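Computed from a predicted structure; not experimentally measured. Labels below follow one simple rule: chain letters A, B, ... track the order of the sequence lines, proteins then strands, and each chain is numbered from 1.
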There are 2 protein chains.
Amino acid sequence: MMTLSEENYLKAIYHLSDTCEGGISTNAIAEKMNTKASSVTDMIKKLSEKGLLNYKRYKGSALTAEGKLVAANIIRKHRLWEVFLVEKLNFTWDEVHDVAEQLEHIKSEKLINQLDEFLGFPKRDPHGDPIPDKDGNMSDHADVLLVTLNKNDKGIIVGVKDSSSSFLKYLDKQGIALGKKIKVIDKEPFDNSMKIRIKKEEFMISQQIANNIYIKK
Amino acid sequence: MMTLSEENYLKAIYHLSDTCEGGISTNAIAEKMNTKASSVTDMIKKLSEKGLLNYKRYKGSALTAEGKLVAANIIRKHRLWEVFLVEKLNFTWDEVHDVAEQLEHIKSEKLINQLDEFLGFPKRDPHGDPIPDKDGNMSDHADVLLVTLNKNDKGIIVGVKDSSSSFLKYLDKQGIALGKKIKVIDKEPFDNSMKIRIKKEEFMISQQIANNIYIKK
DNA sequence: ACTTATTTTTAGTCTTGTCTAAAAAAATAT
DNA sequence: ATATTTTTTTAGACAAGACTAAAAATAAGT
């Protein structure tokens, strides 16, 4: 049986593996977990002994197949609960994260599979992130970041990279939501800011914003 | 903020206060919590310092008003989740307890109030136990145990005292469910076993069974 | 009342997960 | 190549919550 802390470490390492290739550094984990490197070293030893990750002193860590499966399962739970909160309990997409962070640790196979069915086997969470299946497989974010589009390109908004409450609230205010059609009216080469059109309305967004929105072309 | 362990102690003491009047003994708590008396002493001190219960060495413990409120809130969450599991996720009434035991510790005011609304503000959980409102008030079990009925008495099954999986499965097998009309055909004075009728069907039940079923006359 | 039994508390230890401070290994710079 | 900086690990300590063993307070028995 997995402790709460172990689960959180696995999840963090899984997410870090997405961006960085190769072994994950102890410091990177410490930063993500808001803890100290020495604490990470201890936990890494423990997870390593359990066969959930591979690690040699002073080299980075990498999840084993089993470790990945456990992590994907936690993420599956997190994202299914997020769908539940938004679709059934009227939460907004910027409110769900903290609660899902708790719910993801509830242990019951039946619970999560029934929840999946109850929600109609959703493929994405409210932020557009893919929901892994029972075996940890999920449709990749093959989609592209808005910032990579050029003048006159069109697409559909399918996800966000940053799920912070403040970012999501900004999007709500601008009328930027998943599923909306978007067209790049103009792009400023100097700072990569762009003028976009959503539903007849045109406005400017900075590169920082465009860098956190996924588009399906 | 309340730890998981503190919450479980409060809940246990709250439940014990239902049956026993007066201060709850350290040993009684230890037994209910499956732990040792010495551990209970430590926790009692902690809860006492937090103003959640009153205690003097070698005397029993009793929850303060605030302690009761906290406990009732945990029970509220537990029972609402049980309703959710049975009504929405197709759990049977003997499967819900362990999962609800985990879910009851999720911290989010909004979550529980939205869940309450989503379920249609239920008044009872799947075992017939009353669900406290936000202020900790709940309709009492003014109902009577089946064992107290006499020959030819009639009533409606409204709850169970024992919620163990084995007991609930036995009831399912016998066709004994909440809401069913019941009539006492005969009662054996020697061992208090009774012959009862539910839906034209008559059968015998022992005192032990009759002692764990609540009836509304 | 005084001895015996029970209950409760204290004292000290253990585990998990954290921390700080210092040592060791690896990476970088000159 | 050697000195310096950065990263990682070790060593030792601490808090929460549990345990065991023993002491202290209360209750019961005769």
Residue whose closest nucleotide on DNA chain C lies nearer the 5' end, A:L4 versus B:A28
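Whichever sits nearer the 5' end wins; that is B:A28.
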Here's a test of your reading of the structure: between B:I24 and A:S5, which maps to the more 5' nucleotide of DNA chain C?
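The answer here is B:I24.
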Quick one: is [X] getting a side-chain N or O under 4.0 Å of the [N] phosphate, OP1 or OP2?
X: B:K45; N: C:dT10; result: yes
X: B:S25; N: C:dT7; result: no
X: B:N27; N: C:dT8; result: yes

Within residues 50-61 of chain B, find the residues that approach DNA chain D with a heavy atom at under 4.0 Å, and present them sorted by residue number.
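Within residues 50-61 of chain B, the residues near DNA chain D are B:Y58.
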For B:H105, give me all partners under ring-ring contact (aromatic ring centres under 6.0 Å, His included), at least two apart in sequence or on another chain.
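B:H105 satisfies ring-ring contact (aromatic ring centres under 6.0 Å, His included) with no residue once adjacent residues are dropped.
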Determine yes or no for a side-chain-to-main-chain donor-acceptor pair under 3.5 angstrom, with B:N113 supplying the side chain and B:K110 the backbone.
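No, because the side chain of B:N113 does not come within donor-acceptor range (under 3.5 Å) of the backbone of B:K110.
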Sub-3.5 Å donor-acceptor pair from the side chain of B:R79 to the main-chain atoms of B:D125, do we have one?
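Not at all, since once roles are kept as given, no pair shorter than 3.5 Å links the two residues.
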Given atom [atom1] of [X] and atom [atom2] of [N], what is their separation to the nearest angstrom?
X: A:Y9; N: C:dT16; atom1: OH; atom2: C1'; answer: 11 Å
X: B:I44; N: C:dT8; atom1: CD1; atom2: P; answer: 9 Å
X: A:I29; N: D:dT7; atom1: CD1; atom2: C1'; answer: 13 Å
X: B:E6; N: D:dA18; atom1: CD; atom2: C1'; answer: 14 Å

Residues forming a side chain to side chain contact (heavy atoms under 4.5 Å, CB included) with B:D135, sequence neighbours excluded:
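Partners of B:D135 under the side chain to side chain contact (heavy atoms under 4.5 Å, CB included) test: B:D133, B:N137.
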Checking A:S38 now: which residues fulfil side chain to side chain contact (heavy atoms under 4.5 Å, CB included) with it, not counting sequence neighbours?
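Side chain to side chain contact (heavy atoms under 4.5 Å, CB included) list for A:S38, sorted by chain: A:K36.
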Does A:K151 have more than 12 heavy atoms from other residues, nucleotides or ligands lying within 6.0 Å of its NZ?
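Not more than 12 within 6.0 Å, no.
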Does NZ belonging to B:K68 count more than 12 external heavy atoms closer than 6.0 Å?
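No - once you tally the heavy atoms of other residues, nucleotides and ligands closer than 6.0 Å, there are 12 at most.
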Using a cut-off of strictly less than 4.0 Å between a heavy atom of the residue and any atom of DNA chain C, enumerate the qualifying residues of residues 30-42 of chain A by number.
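DNA chain C contact set from residues 30-42 of chain A: A:T35, A:K36, A:S38, A:S39, A:D42.
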Specify whether B:F84 and A:W81 have parallel, tilted or perpendicular ring planes, treating 30° as the upper limit for parallel and 60° as the lower limit for perpendicular.
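Tilted, since the angle between the ring planes falls between 30° and 60°.
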Which residues satisfy the salt bridge (Lys or Arg N to Asp or Glu O under 4.0 Å) test with A:E101, sequence neighbours excluded?
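So A:E101 forms a salt bridge (Lys or Arg N to Asp or Glu O under 4.0 Å) with A:K11.
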